[in-house]
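Below is one structure, written out as structure tokens; the observations come after it.
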Amino acid sequence: MLKFLFMIGFLIPLSLLNNMFWTVQNMLFAISFLFILMNYISNFSMGLSYFLGCDMISYGMMLLSLWICSLMIMASESVLKINNYVKLFLVNILFLLLFLFLTFSSMNLFMFYLFFESSLIPTLFLILGWGYQPERLQAGVYLLFYTLFASLPMLVAIFYLYSVYGTSHFFLLSQFECQYFLLYLGLIMAFLVKMPMFLVHLWLPKAHVEAPVSGSMILAGILLKLGGYGLLRMFSFMQFIGLKYNFVWISISLVGGVLISLVCLRQTDLKALIAYSSVAHMGIVLSGLMTLNYWGISGAYTLMIAHGLCSSGLFCLANITYERLGSRSMLINRGLLNFMPSMTLWWFLLSSANMAAPPTLNLLGEISLLNSVISWSWVSMISLSFLSFFSASYTLYLYSYTQHGKLCGGGFASASGTGREYLLLALHWIPLNLLILKSEMSILWL
């Protein structure tokens with residue numbers, strides 16, 4: 001693990017030199033491919049050191065972090081073009097990647113908490129520094145206070161665990177069993193807000209809409225997965241109390257998912273629609289994970305990785321049209337089929353991935369999650385069927401409303417996509433569809 005941390009660390013001074021934008025991006029891709037070759041695909045931890053290590057859950061998440069951060073730089077050419085503090089931007093992304101890498105490879109609960117919270121700071125800088133509208137200040141405050149408010153009880157809970165059991169190591173903690181409701185609440189609340197669960201999701205659409213494209217990509221791609229990853233780690237020592245109280249979160253997530261899907265159908269802002277659809281998808285992930293059965297846990301992991309690639313790609317698409325037309329409103333982004341026909345193919349491919357069409361990884365994740373939630377309770381079939389139906393509805397609405405119809409007057413001056421943008425979208429879509437051929441990684445890791 002340390003070698004990768006050093007690689008990322010040494011990129012930070014490199015990014016302070018002139019004209020290093022694409023060099024840093026290429027180096028990040030090189031690190032990603034090196035990490036794939038390390039092949040930590042096994043059921044037990046590898047690459048162990050004093051407090052770092054990597055098992056299957058960490059491996060997928062770390063690879064996703066490296067990949068999405070490489071693509072973030074690729075998507076942010078506008079920062080380079082208008083010279084909007086390019087060096088600072090690169091340093092910020094690299095620090096964010098460093099914190100994420102440390103979060104996913106921490107073997108210690110307290111270290112995990114520390115880096116989990118640290119990743120908030122570069123994200124905040126991304127939104128405040130490179131966001132578009134003045135409302136980004138409010139979005140930043142929302143993001144900060146929602147997350148901090150929920151995660152302070154978690155710190156107290158970690159200290160309590162340490163004082164009682166004398167350790168905060170994940171593997172040693174899994175020998176014990178948590179008995180207290182308040183402890184259970186303290187340990188999972190931070191992750192429920194981060195997921196985000198319905199009722200505590202209000203920070204997410206705001207942060208997404210105000211963030212630059214790189215901010216949206218990292219938020220949708222990685223930071224939402226931090227919550228799921230934390231829950232996967234926590235439930236190793238909270239099974240019994242989980243079986244007792246988890247029905248509350250499952251119910252909220254399933255009903256909330258349906259309501260959020262209805263909210264999606266009312267959106268006129270491209271980014272807001274994609275952001276709200278993330279909340280609906282994460283609702284399914286959360287309810288599957290909370291059933292604590294095999295299908296649910298492996299399905300949650302699969303859908304988290306699939307959603308990271310798919311949602312990030314959709315934000316890239318929204319940004320590509322925003323850069324052409326100067327607006328994210330669906331009333332203006334109409335009839336794009338007329339002047340960006342080749343981009344319409346990408347809209348179609350990523351939209352179909354968003355509604356879990358085969359052969360995407362989303363399909364595998366959603367089938368596993370449907371299996372797990374229905375085996376948990378038959379009643380959940382009602383909300384799950386609504387969720388699946390509306391998921392297809394708002395994705396079709398997004399696709400048909402933007403691609404078809406009469407072209408907006410100002411759109412006639414627009415240009416088609418560049419090679420960089422097509423490559424960017426291909427690098428989201430290809431892994432998403434190829435990973436299903438290697439699905440034992442995401443299903444058989446337990």
Side-chain angles (χ1 to χ4, degrees), residues 64-65 67-79 89 93 96 100 123 126-127 130-133 136 139 143 196 201 203-225 260 264 267-282 304-330 333 336 340 343-344 346-355 360 362 391 394-395 397-399 401-403 417-418 420-432:
L64 190 64
S65 306
W67 195 249
I68 297 280
C69 284
S70 317
L71 294 175
M72 276 162 70
I73 300 178
M74 201 172 183
S76 305
E77 199 194 27
S78 57
V79 173
F89 178 74
I93 284 183
L96 182 52
L100 286 170
T123 318
L126 262 182
I127 294 173
W130 288 270
Y132 298 120
Q133 273 84 20
R136 60 179 188 253
L143 170 73
H201 66 283
W203 62 271
L204 184 85
K206 273 194 162 47
H208 268 309
V209 170
E210 302 309 325
V213 60
S214 52
S216 288
M217 284 169 73
I218 198 75
L219 267 169
I222 318 290
L223 294 177
L224 268 64
K225 314 298 171 280
I260 287 287
C264 280
Q267 292 302 320
T268 52
D269 186 316
L270 275 179
K271 261 189 157 180
L273 198 156
I274 304 166
Y276 274 111
S277 84
S278 293
V279 182
H281 284 301
M282 286 292 116
M304 281 197 294
I305 289 182
H307 176 265
L309 289 162
C310 169
S311 193
S312 173
L314 281 169
F315 278 115
C316 288
L317 275 168
N319 183 63
I320 287 166
T321 55
Y322 176 70
E323 283 175 355
R324 304 282 185 281
L325 296 163
S327 168
R328 285 190 315 261
S329 167
M330 280 183 155
N333 288 296
L336 295 177
M340 293 174 93
M343 201 55 88
T344 300
W346 287 108
W347 271 104
F348 171 71
L349 290 173
L350 283 161
S351 299
S352 59
N354 197 42
M355 54 177 158
T360 53
N362 296 59
S391 172
Y394 63 68
T395 313
Y397 160 65
L398 166 73
Y399 173 73
Y401 208 97
T402 51
Q403 304 311 305
T418 61
R420 172 188 64 88
E421 287 164 345
Y422 291 127
L423 179 63
L424 172 68
L425 296 167
L427 289 174
H428 277 109
W429 186 78
I430 292 167
L432 189 58

Notebook entry, point to check: Can any side-chain N or O of S216 pair as donor or acceptor with the backbone N or O of H208 at less than 3.5 Å?
Noted result: yes
Margin query: Rounded at 0.5 Å granularity, tell me how far CG in L432 sits from SG in C310.
Written below: 6.0 Å
Checklist line | H281 and H307 aromatic ring geometry - parallel, tilted or perpendicular at 30°/60° bounds | finding: tilted
Item checked: Beyond-backbone contact of Y276 with D269, side-chain heavy atoms, under 4.5 angstrom -> no
Next item on the list: Go through the steps to decide whether W346 and H428 satisfy the test side chain to side chain contact (heavy atoms under 4.5 Å, CB included), and finish with yes or no.
Entry: CA-CA 10 Å; W346 287 108; H428 277 109; over 6 Å; no
Notebook entry, point to check: So how far is it from L427 CG to W67 CH2, rounded to the nearest 0.5 Å?
Noted result: 5.0 Å
Check: What heavy-atom pair brings A75 and M217 nearest, and what distance separates the two atoms?
Finding: CB-SD, 3.7 Å
Next item on the list: Indicate yes or no: at least one non-hydrogen side-chain atom of C316 is less than 4.5 angstrom from one of E421.
Entry: no
Item checked: Nearest atoms (heavy-atom pairs only) where G308 meets I68 -> O-CD1, 3.7 Å
Notebook entry, point to check: Can you find a pair of side-chain heavy atoms, one from Q133 and one from V209, that are under 4.5 Å apart?
Noted result: no
Margin query: For the CG atom of N319 and the OG atom of S78, what is their distance to the nearest 0.5 Å?
Written below: 6.5 Å
Margin query: If I take atom OG from residue S278 and atom CG from residue L219, how far apart are they, to the nearest 0.5 angstrom?
Written below: 9.5 Å
Margin query: Using a 3.5 Å distance criterion without hydrogens, assess whether the side chain of R136 forms a donor-acceptor pair with backbone atoms of G131.
Written below: yes
Note to self: Using every non-hydrogen atom in the two residues, find where I260 and A280 come nearest and quote the distance to one decimal.
What the structure shows: CG2-N, 4.0 Å
Item checked: Student check: side-chain heavy atoms of K225 and I305 closer than 4.5 Å -> no
Item checked: Distance-minimising heavy-atom pair for G417 and M343 -> CA-CE, 3.9 Å
Note to self: Run the side chain to side chain contact (heavy atoms under 4.5 Å, CB included) test on I320 and M340 for me, step by step, so that the C-alpha distance in whole Å, both residues' side-chain angles and the decisive distance to 0.1 Å come before the verdict.
What the structure shows: CA-CA 11 Å; I320 287 166; M340 293 174 93; 3.8 Å; yes
Notebook entry, point to check: Would you call T321 and L317 a side-chain contact if the rule is heavy atoms closer than 4.5 Å?
Noted result: no
Next item on the list: Check whether any side-chain N or O of T402 sits under 3.5 Å from a backbone N or O of Y399 as a donor-acceptor pair, and report yes or no.
Entry: yes
Next item on the list: Measure the CG-CD1 distance between L314 and I274 for me, rounded to the nearest 0.5 Å.
Entry: 5.0 Å
Notebook entry, point to check: side chain to side chain contact (heavy atoms under 4.5 Å, CB included) between L223 and L100: does it pass, once the steps are laid out?
Noted result: CA-CA 9 Å; L223 294 177; L100 286 170; 3.9 Å; yes
Check: Ignoring hydrogens and geometry, is there a side-chain-to-backbone donor-acceptor pair from W429 to A353 under 3.5 Å?
Finding: no
Check: So do the side chains of L425 and L349 get within less than 4.5 Å of each other, counting heavy atoms only?
Finding: no
Next item on the list: Please test L336 against L325 for side chain to side chain contact (heavy atoms under 4.5 Å, CB included), starting from the C-alpha separation and ending with a verdict.
Entry: CA-CA 10 Å; L336 295 177; L325 296 163; 3.8 Å; yes
Item checked: Atom pair CG (L143) and CD1 (I127), whose distance is rounded to the nearest 0.5 Å -> 5.0 Å
Next item on the list: May I ask you to test the L126-F89 pair for a side-chain heavy-atom distance under 4.5 Å?
Entry: yes
Notebook entry, point to check: Between N362 and N354, is there a donor-acceptor pair closer than 3.5 Å when you use the side chain of the first and the backbone of the second?
Noted result: no
Next item on the list: Indicate the atoms forming the closest heavy-atom contact of I218 with C69, along with that distance.
Entry: CD1-SG, 3.7 Å
Margin query: How close do A211 and K271 get, counting heavy atoms only, and between which atoms?
Written below: O-NZ, 2.7 Å
Margin query: Please tell me whether Y322 and Y132 form a close aromatic pair, meaning their ring centres lie under 6.0 Å apart.
Written below: yes
Check: Under the 3.5 angstrom rule, does the side chain of Y397 hit a backbone N or O of Q267 as a donor-acceptor pair?
Finding: yes
Next item on the list: State, yes or no, whether a side-chain contact exists between I73 and S214 at a heavy-atom distance under 4.5 Å.
Entry: no
